[in-house]
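Accompanying notes for the structure given below.
These numbers come from the heavy atoms of this one structure, side chains and all, not from hydrogens, waters or symmetry mates. Letters A, B, ... mirror the listed sequences (proteins, then strands); counts begin at 1.
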There are 2 protein chains.
Amino acid sequence: MPAKKTLFSALEIEKRLSEAGVQPTAQRIALCRYLLCEADHPTADEIKKWADLNFPKISMATVYNTLKALVDAGILKEFKFPHSDSAVYDCNTSVHYHFLDEKTGELFDIAPEAVNLSVKLQDKFKVTEIQVLFRGRKK
Amino acid sequence: MPAKKTLFSALEIEKRLSEAGVQPTAQRIALCRYLLCEADHPTADEIKKWADLNFPKISMATVYNTLKALVDAGILKEFKFPHSDSAVYDCNTSVHYHFLDEKTGELFDIAPEAVNLSVKLQDKFKVTEIQVLFRGRKK
DNA sequence: ATATTTGCAAAGCCTTTGCAGGGGA
DNA sequence: TCCCCTGCAAAGGCTTTGCAAATAT
């Protein structure tokens with residue numbers, strides 16, 4: 001079951017893009033409707049497949065350009081996980097962790113509240129971010 | 001500073017490979033001298049570069065074949081981290097975490113004792129492995 | 001009018017594969 | 001002998017880039 005998503009209108013998306021300094025072109029708005037409302041950790045390829053059905057003639061280059069623009073603008077986060085060569089994109093930009101189902105390759109967001117993490121690294125290590133990946137099997 | 005390494009002799013390496021069920025060919029022994037004694041999270045490419053200097057005429061295919069054999073035999077662990085498309089190989093096969101220096105790309109092993117991690121995931125998530133990556137800057 | 005964005009194709013990087021020749025058990 | 005290993009070159013998957021045409025401000 002994918003995470004619950006808010007349904008943004010094209011106008012809301014346009015506003016959000018503008019405010020983030022991203023030119024709200026038709027292609028970018030279309031992709032955002034998928035990325036922000038529907039998708040759950042999609043790969044560039046899955047995004048392209050969706051676009052082919054819903055907004056014909058977006059090129060792969062535009063998909064990647066758009067993803068880069070959205071990541072740079074802080075609207076998306078890009079993740080790369082060890083089980084796949086493809087990056088996935090997450091509209092959940094707040095701190096959280098992930099669970100990977102080894103069998104299906106499915107990813108699930110894990111709220112930071114579920115994890116108690118305290119660390120005592122040597123002083124020389126200045127940590128700015130911690131990524132945690134739980135691997136296993138989901139029932 | 002790379003982690004301290006044991007210096008194995010060719011004979012010791014040969015024994016270890018045999019015991020792990022890996023045919024100890026000249027190329028594999030050579031690569032192991034680097035992987036087990038010298039290298040610190042090398043990529044396939046770095047391994048190849050070392051080989052070009054120290055054991056001319058090992059092909060990239062053999063490097064990858066050897067790495068796969070060693071990983072399958074449990075002698076190495078393969079890791080993929082988000083900052084790079086290249087896999088890295090770690091002769092530390094026990095449970096441990098990593099610190100990534102964002103500036104240099106250098107990786108450091110973090111002992112599990114330095115990390116206190118307790119998790120309360122929903123029952124449906126059966127966790128078999130946890131990967132933790134600390135990102136930041138090393139002084 | 002000027003700067004961005006788009007789409008196509010080509011190139012790039014990392015890794016795997018097919019296959020013929022070679023070496024170890 | 002037989003099977004595994006090696007090396008080369010080619011192919012594969014994902015992403016980036018160059019460039020001309022189209023679009024936005």
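- Atom NZ in Lys57(B) sits roughly 13 Å away from atom P in dG23(C) (whole-Å rounding).
- To the nearest angstrom, P of dC14(C) lies 12 Å from OH of Tyr89(B).
- Gln131(A) and Arg135(B) are linked by a side-chain donor-acceptor pair at a separation below 3.5 angstrom, with hydrogens and angles left out of the test.
- In terms of hydrophobic clustering, with Ile, Leu, Val, Met, Phe, Trp and Tyr side chains grouped at heavy-atom distances under 4.5 Å, Phe99(A) and Val132(A) are assigned to a common cluster.
- By the side chain to side chain donor-acceptor pair (under 3.5 Å) test, Thr62(A) is found to be paired with Ser59(A), residues two or more places apart in sequence or in another chain being considered.
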> Asn116(B) and Ser118(B): side-chain hydrogen bond (donor to acceptor under 3.5 Å, both in side chains), yes or no, with the steps?
Replying inline: CA-CA 7 Å; Asn116(B) 201 311; Ser118(B) 62; 5.2 Å; no
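- The side chain to side chain contact (heavy atoms under 4.5 Å, CB included) search around Ala26(A) returns Phe55(A), not counting sequence neighbours.
- With sequence neighbours left out, the side chain to side chain donor-acceptor pair (under 3.5 Å) criterion links Lys80(B) to Asp85(A).
- Note: His96(B) and His98(B) have perpendicular aromatic rings, judged against thresholds of 30 and 60 degrees for the angle between ring planes.
- Between chain A and DNA chain D, the heavy-atom contact criterion of under 4.0 Å yields a 5' to 3' nucleotide range of dC14(D) to dA24(D).
- Shown here are the salt bridge (Lys or Arg N to Asp or Glu O under 4.0 Å) partners of Glu19(A), two or more places apart in sequence or in another chain: Lys15(A).
- Residues from residues 60-72 of chain B that place a heavy atom under 4.0 Å from any atom of DNA chain C, listed by number: Ala61(B), Tyr64(B).
- Looking at heavy atoms from C-beta onward, Asp109(A) lies in side-chain contact with His41(A) at the 4.5 angstrom threshold.
- In summary, the aromatic rings of Phe125(A) and Phe108(B) are positioned with their centroids under 6.0 Å apart.
- Through direct or relayed side-chain contacts under 4.5 Å between Ile, Leu, Val, Met, Phe, Trp and Tyr, Leu7(B) connects to no other residue.
- The main-chain N or O of Glu102(B) is never found under 3.5 Å from a side-chain atom of Arg137(B) such that the two would form a donor-acceptor pair.
- Ion pairing of Glu14(B) with Arg33(B) is absent here, as no side-chain N (NZ or NE/NH1/NH2) approaches a carboxylate O to less than 4.0 Å.
- Listed by residue number, the members of residues 78-86 of chain A with any heavy atom below 4.0 angstrom from DNA chain D are Asp85(A), Ser86(A).
- With sequence neighbours excluded, no residue forms a salt bridge (Lys or Arg N to Asp or Glu O under 4.0 Å) with Asp90(A).
- Considering only residues two or more places apart in sequence or on other chains, Tyr64(B) meets the ring-ring contact (aromatic ring centres under 6.0 Å, His included) condition with none of them.
- The stretch residues 23-34 of chain B comes close to DNA chain D through Gln23(B), Thr25(B), Gln27(B), Arg28(B), each having a heavy atom under 4.0 Å from the strand.
- Taking five base pairs at each end of the helix from dA1(C)-dT25(D) to dA25(C)-dT1(D), the local helix axes there meet at an angle of 30°, rounded to 10°.
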